[in-house]
Amino acid sequence: MKTALLLASLSLSVLAMGAARADSPPDLTGTWQLADEDFAAARVGTSNKYFDDLPKPTFGTPAQAFVYTIDAQEGRAFHGRATGPQGKSEALVGVIRFDNREILMSGDSGTVQGRLVDDKLELCWVDALPTWNAVSCGLFKKAK
């Protein structure tokens, strides 16, 4: 009897996991821009294509937030670009995790972790380069 209950419980668990993975991943294609003033950043280092020299740590402003454009998506994988406040951009590649809420992205200068929060996308960027360190988080909304 215990064995039958254990097998039934295990079967239901496996079916539930399969059903969770069967959900279609969200469509991220489009342009994601900062929602309101939901942004925080800190940076320090030698100039790069996006920012001038910052010999002392400094804080970022919402005006310095990047715009993220997802050009194509196939299942959980996608690619696009991140465009800085001065119009320069870099290629991004990414994936949506199996929970359909968390994402990972990688670009020329760093990595991004994100998660869907209702109709918004929280994106947190980390740069750890030999002469440049930066972190930023923003809450982005898809442009209409």
Looking at [atom1] of [X] and [atom2] of [Y], how far apart are the two atoms once the value is rounded to the nearest 0.5 Å?
X    : Y    : atom1 : atom2 : answer
L92  : T69  : CG    : OG1   : 9.0 Å
T29  : E74  : OG1   : CD    : 13.0 Å
D108 : Y50  : CG    : OH    : 6.5 Å
I70  : T31  : CD1   : OG1   : 9.0 Å
R101 : L121 : CZ    : CG    : 10.5 Å
D38  : D36  : CG    : CG    : 5.5 Å

Inset, instruction - Among Ile, Leu, Val, Met, Phe, Trp and Tyr joined by side-chain contacts under 4.5 Å, find the other residues sharing a cluster with V135 and list them by chain and number. - result: V126
Please check: side-chain N/O of [X] versus main-chain N/O of [Y], any donor-acceptor pairing under 3.5 Å?
X   : Y   : answer
Q73 : H79 : no
K49 : G84 : no
D53 : P55 : no

If you look at every heavy atom in [X] and [Y], which pair is closest and at what distance?
X   : Y    : answer
P25 : N100 : CA-OD1, 3.4 Å
P62 : E37  : CG-OE1, 3.0 Å
F78 : L28  : CE2-CD1, 3.7 Å
D52 : W132 : O-CZ3, 4.2 Å
D71 : G80  : OD2-CA, 3.6 Å

Any side-chain heavy atom of [X] sitting closer than 4.5 Å to one from [Y]?
X    : Y   : answer
K56  : V44 : no
F140 : V67 : no
K120 : W32 : no
F66  : P85 : yes

Legend entry - same_hphob_cluster(F39, L123) at 4.5 Å side-chain heavy-atom cutoff: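 Yes, F39 connects to L123 through the hydrophobic network.
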Inset, instruction - Mark yes or no: R43 above the aromatic ring of F51, with NZ or CZ under 6.0 Å from the six-membered ring centre and no more than 45 degrees from the axis. - result: yes
Output side-chain donor-acceptor pairs under 3.5 Å for residues 112-119, partner residues at least two apart or in another chain, one line each.
residue: R115; atom: NE; partner: E122; partner atom: OE1; Å: 2.6
residue: R115; atom: NH2; partner: E122; partner atom: OE1; Å: 3.1
residue: D119; atom: OD2; partner: K141; partner atom: NZ; Å: 3.0

Inset, instruction - Hey, could you give me each pair passing disulfide bond (SG atoms under 2.5 Å apart) that has a residue in residues 82-136? Not counting sequence neighbours. - result: C124-C137
Inset, instruction - Please say whether more than 12 non-hydrogen atoms of neighbouring residues, nucleotides or ligands are located less than 6.0 Å from CD in E102. - result: yes
Inset, instruction - Can you label the angle between the W125 ring and the Y68 ring as parallel, tilted or perpendicular, going by 30° and 60°? - result: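 Geometry flag for Y68 against W125: tilted rings.
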Inset, instruction - Given side chain to side chain contact (heavy atoms under 4.5 Å, CB included), test R97 with L104 step by step and report yes or no. - result: CA-CA 8 Å; R97 290 181 176 238; L104 299 172; 3.5 Å; yes
